[in-house]
Visitor: 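Below is one structure. I have some questions about it.
No experiment lies behind these values; they were computed from the predicted model shown.
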Amino acid sequence: MMFGSIFRAIMDGELKEGERLPSEEALSEKYKVSRPTVREALARLRVGGLIVSRQGSGSYVGRPPNQPILKFAELDSLSDIQRCYEFRLGIEGGAAEMAARMRDEKDLAQIEAAYESLEKVIHMNAVGTEEDFAFHLAIAAASKNPLFHTVLSSIRNQTRFSMALLRNLSREKSVERQMMVQREHRAIVDAIIRQDGKAARDAMRAHLNQALQRMFYGESPQQ
């Protein structure tokens with residue numbers, strides 16, 4: 001819980017790069033955990049590069065995870081879009097499974113808020129690319145593994161491009177098509193709430209697989 005709280009604070013900008021963290025004793029009191037638990041959480045954050053230690057001075061916020069190191073080529077063809085979705089199948093399926101196991105109440109609130117934003121997009125008949133990406137990013141953050149968040153952030157442009165294309169196609173079809181996509185999102189959220197890792201992974205993979213079907217064949221297997 002402590003690891004996830006500090007991780008989110010760094011991602012959300014509450015703790016900024018270069019800012020000094022409270023002492024181990026202060027963190028122990030704040031999160032109601034033992035000193036060994038504090039040291040373990042700090043060690044995990046340090047390994048991920050989220051914090052750095054300065055001898056005799058304490059721990060400081062390092063490079064935020066939403067500034068990805070990896071750089072991927074832009075999408076130039078339908079084949080590139082297909083490969084992007086195939087890559088996301090493995091990454092986001094695993095992120096959803098971990099999110100179901102590791103999420104806390106704050107994670108659920110953020111995921112639900114992202115889901116509600118997508119609901120508003122449908123009623124406004126807007127594209128909603130940013131809202132869609134924010135939903136997937138909230139799930140990656142809930143996994144408590146910064147690598148999921150970093151990798152998904154690294155393909156932000158490619159993911160948003162494919163999302164925009166697909167959501168525009170869905171708008172041209174019908175509101176029912178958009179609601180079907182939203183039901184897929186709901187299945188992911190419900191599995192995470194139940195802490196059912198396998199169901200969350202399967203729901204995410206089904207959602208991405210059906211997105212591929214809609215992109216290349218115009219209909220999902222269920223239609």
Side-chain angles (χ1 to χ4, degrees), residues 1-12 14-15 27-28 30-34 36-45 47-48 50 64-66 85-122 128 131-155 159 163 179-212 220-222:
M1 179 176 178
M2 176 190 160
F3 171 85
S5 297
I6 297 177
F7 174 54
R8 281 193 304 271
I10 293 173
M11 287 194 304
D12 295 342
E14 297 173 18
L15 292 173
L27 289 171
S28 177
K30 178 178 180 179
Y31 293 101
K32 309 300 182 188
V33 296
S34 66
T37 299
V38 171
R39 284 192 286 272
E40 180 183 353
L42 294 178
R44 290 175 62 193
L45 291 163
V47 168
L50 302 181
N66 61 349
Y85 270 105
E86 289 169 349
F87 179 72
R88 289 175 60 199
L89 273 168
I91 297 298
E92 295 198 57
E97 181 174 4
M98 289 302 298
R101 296 176 179 176
M102 303 298 294
R103 95 294 186 277
D104 55 31
E105 292 305 314
K106 185 174 181 180
D107 294 318
L108 292 180
Q110 290 175 336
I111 293 171
E112 288 282 11
Y115 176 84
E116 291 301 323
S117 293
L118 283 169
E119 284 279 295
K120 293 177 183 177
V121 162
I122 293 174
E131 291 82 357
D132 200 349
F133 186 75
F135 173 79
H136 287 263
L137 208 58
I139 292 172
S143 74
K144 302 295 192 295
N145 185 331
L147 291 177
F148 284 123
H149 189 280
T150 298
V151 170
L152 188 55
S153 295
S154 297
I155 56 171
T159 302
M163 283 178 170
M179 291 303 298
M180 180 185 67
V181 175
Q182 192 67 338
R183 287 194 292 272
E184 294 169 11
H185 287 149
R186 188 71 242 174
I188 300 168
V189 175
D190 289 344
I192 292 174
I193 291 173
R194 298 195 309 270
Q195 293 189 299
D196 187 335
K198 182 180 183 302
R201 181 194 66 210
D202 291 347
M204 177 64 81
R205 288 180 62 86
H207 168 56
L208 295 175
N209 267 318
Q210 288 165 14
L212 266 174
S220 76
Q222 295 179 350

Visitor: How are the rings of His136 and His185 set relative to one another: parallel (under 30°), tilted (30 to 60°) or perpendicular (over 60°)?
Guide: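 Perpendicular: the ring planes of His136 and His185 meet at over 60°.
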Visitor: Roughly how far, to the nearest 0.5 Å, is CD of Gln182 from CZ of Phe135?
Guide: 7.5 Å
Visitor: I'd like to check Gln195 versus Arg103 (side-chain heavy atoms, cut-off strictly below 4.5 Å). Are they in contact?
Guide: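 Touching, per the 4.5 Å side-chain cut-off.
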Visitor: Output yes when Arg194 and Asp190 qualify as a salt bridge under the 4.0 Å nitrogen-oxygen rule, no when they do not.
Guide: no
Visitor: Any side-chain heavy atom of Met204 sitting closer than 4.5 Å to one from Leu208?
Guide: yes
Visitor: What pair of heavy atoms forms the shortest contact from Ile192 to Ala96, and how long is it?
Guide: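 That would be CG1-O, 4.2 Å.
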Visitor: Identify the heavy atoms of Ala141 and His149 that sit nearest to each other, and give their distance.
Guide: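 Nearest pair, atom of Ala141 first, then His149: CB-CD2, 4.0 Å.
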Visitor: Between Ser34 and Thr37, do the side chains contain a donor N or O and an acceptor N or O under 3.5 Å apart?
Guide: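 Side-chain D/A pair, Thr37 to Ser34: present.
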Visitor: Do the non-hydrogen side-chain atoms of Phe133 and Leu152 ever get within less than 4.5 Å of each other?
Guide: yes
Visitor: Quick one: pull up CZ in Arg101 and NZ in Lys144 and give me the separation to the nearest 0.5 Å.
Guide: 14.0 Å
Visitor: I'd like to know if Arg186 and Glu112 make a salt bridge, using a cut-off of under 4.0 Å between side-chain N and carboxylate O.
Guide: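 Yes.
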Visitor: How close do Ala191 and Ala100 get, counting heavy atoms only, and between which atoms?
Guide: O-CB, 4.1 Å
Visitor: Does the pair Leu27 and Tyr31 meet the rule for a side chain to side chain contact (heavy atoms under 4.5 Å, CB included), with working shown?
Guide: CA-CA 6 Å; Leu27 289 171; Tyr31 293 101; 3.8 Å; yes
Visitor: With rounding to the nearest 0.5 angstrom, report the CG to OH distance, Leu89 to Tyr85.
Guide: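 Answer for the CG-OH pair, Leu89 versus Tyr85, is 10.0 Å.
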Visitor: What pair of heavy atoms forms the shortest contact from Gly128 to Leu118, and how long is it?
Guide: O-CD2, 4.2 Å
